[in-house]
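Notes to accompany the following structure.
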Amino acid sequence: MQNPSSQQGKVRAHVLISGTVQGVGYRYYTANQAKQLGVSGWVRNLPDSRVEAVFEGTEKQVEAMISWCYQGSPASVVERVVFEYEQPEGIEGFDISR
């Protein structure tokens with residue numbers, strides 16, 4: 001899939017993670033990893049037991065975050081990662097939503 005990038009060279013990925021990803025620290029580990037990589041965005045639990053995240057950064061940073069999602073937190077069991085690229089919105093920082 002082609003990833004649309006803005007004038008600043010940033011990309012945005014909208015990611016859905018399935019498996020045993022709630023109640024295992026997945027959101028907190030995701031936020032920590034994003035901060036280490038300098039990625040902006042957010043992560044939250046969904047009512048259907050999936051985790052949803054948005055990552056914004058350089059193509060390399062965002063790809064590294066998507067790759068990390070397949071691993072997740074030590075207690076998680078990731079079964080599926082689905083993502084699509086979207087137009088960046090210029091998010092600053094990284095938030096964990098409830």
Side-chain angles (χ1 to χ4, degrees):
M1 168 179 242
Q2 198 74 306
N3 52 356
S5 59
S6 68
Q7 298 83 351
Q8 305 96 9
K10 301 281 184 176
V11 297
R12 172 186 174 104
H14 183 201
V15 187
L16 295 169
I17 304 102
S18 305
T20 305
V21 292
Q22 290 191 14
V24 293
Y26 194 96
R27 290 176 302 155
Y28 298 98
Y29 277 88
T30 301
N32 185 52
Q33 184 69 18
K35 289 172 185 172
Q36 285 182 2
L37 290 173
V39 172
S40 296
W42 51 264
V43 62
R44 67 180 176 187
N45 285 340
L46 292 175
D48 64 5
S49 299
R50 294 181 299 168
V51 168
E52 178 182 30
V54 165
F55 305 126
E56 287 192 10
T58 65
E59 187 172 1
K60 185 175 181 179
Q61 289 170 317
V62 170
E63 286 177 356
M65 276 307 305
I66 293 169
S67 294
W68 181 88
C69 286
Y70 288 91
Q71 168 196 330
S73 66
S76 66
V77 179
V78 177
E79 294 174 4
R80 188 165 184 226
V81 177
V82 178
F83 63 93
E84 64 182 9
Y85 286 100
E86 301 174 339
Q87 201 61 36
E89 294 180 3
I91 297 173
E92 296 292 329
F94 199 90
D95 293 323
I96 299 172
S97 301
R98 291 194 175 273

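Worth saying up front: this structure is predicted, and the values here are computed from it rather than measured.
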Hydrophobic cluster membership, Val81 vs Val54, 4.5 Å side-chain cutoff: no
Drop me the distance from Arg12's CZ to Glu89's CD, to the nearest 0.5 angstrom. 4.0 Å
Looking only at atom types and distance, does a side-chain atom of Gln33 sit under 3.5 Å from a main-chain N or O of Met65, one as donor and one as acceptor? no
What donor-acceptor contacts under 3.5 angstrom involve side-chain atoms of residues 38-51, with partners at least two apart or in another chain?
from, atom 1, to, atom 2, distance (Å)
Ser40, OG, Ile91, O, 3.2
Ser40, OG, Gly93, N, 3.4
Arg44, NE, Glu52, OE1, 2.6
Arg44, NH2, Glu52, OE1, 2.6
Asp48, OD1, Arg50, N, 3.1
Asp48, OD1, Arg50, NE, 3.3
Asp48, OD2, Arg50, NE, 2.8
Asp48, OD2, Arg50, NH2, 2.9

Keeping to residues at least two apart or across chains, list the ring pair (Phe, Tyr, Trp, His ring centres under 6.0 Å) pairs with something in residues 50-72. Tyr26-Trp68
Which ILVMFWY residues can you reach from Val77 by hopping between side chains whose heavy atoms are under 4.5 Å apart? none
Which atoms form the tightest heavy-atom contact between Cys69 and Val78, and what is the distance? O-CG2, 3.4 Å
Nearest 0.5 Å, please: how far is CG in Leu16 from CD in Glu84? 8.0 Å
Holding to side-chain hydrogen bond (donor to acceptor under 3.5 Å, both in side chains), I want the full list of residues that pass it with Gln61, two or more places apart in sequence or in another chain. Thr58
Restricting to pairs with a member in residues 66-80, which pass salt bridge (Lys or Arg N to Asp or Glu O under 4.0 Å), not counting sequence neighbours? none
I'd like to know if Ile66 and Val82 are part of one continuous hydrophobic network [Ile/Leu/Val/Met/Phe/Trp/Tyr, side-chain heavy atoms within less than 4.5 Å]. no
Ala64: side-chain contact (heavy atoms from CB on, under 4.5 Å) partners, not counting sequence neighbours: Leu37
Value rounded to 0.5 Å, distance of OG in Ser76 from CD in Gln71: 8.0 Å
Non-hydrogen atoms of Lys35 and Phe94 that approach each other most closely: CE-O, 3.9 Å
Residues Val62 and Gly57: closest non-hydrogen pair is CG2-N, 3.4 Å
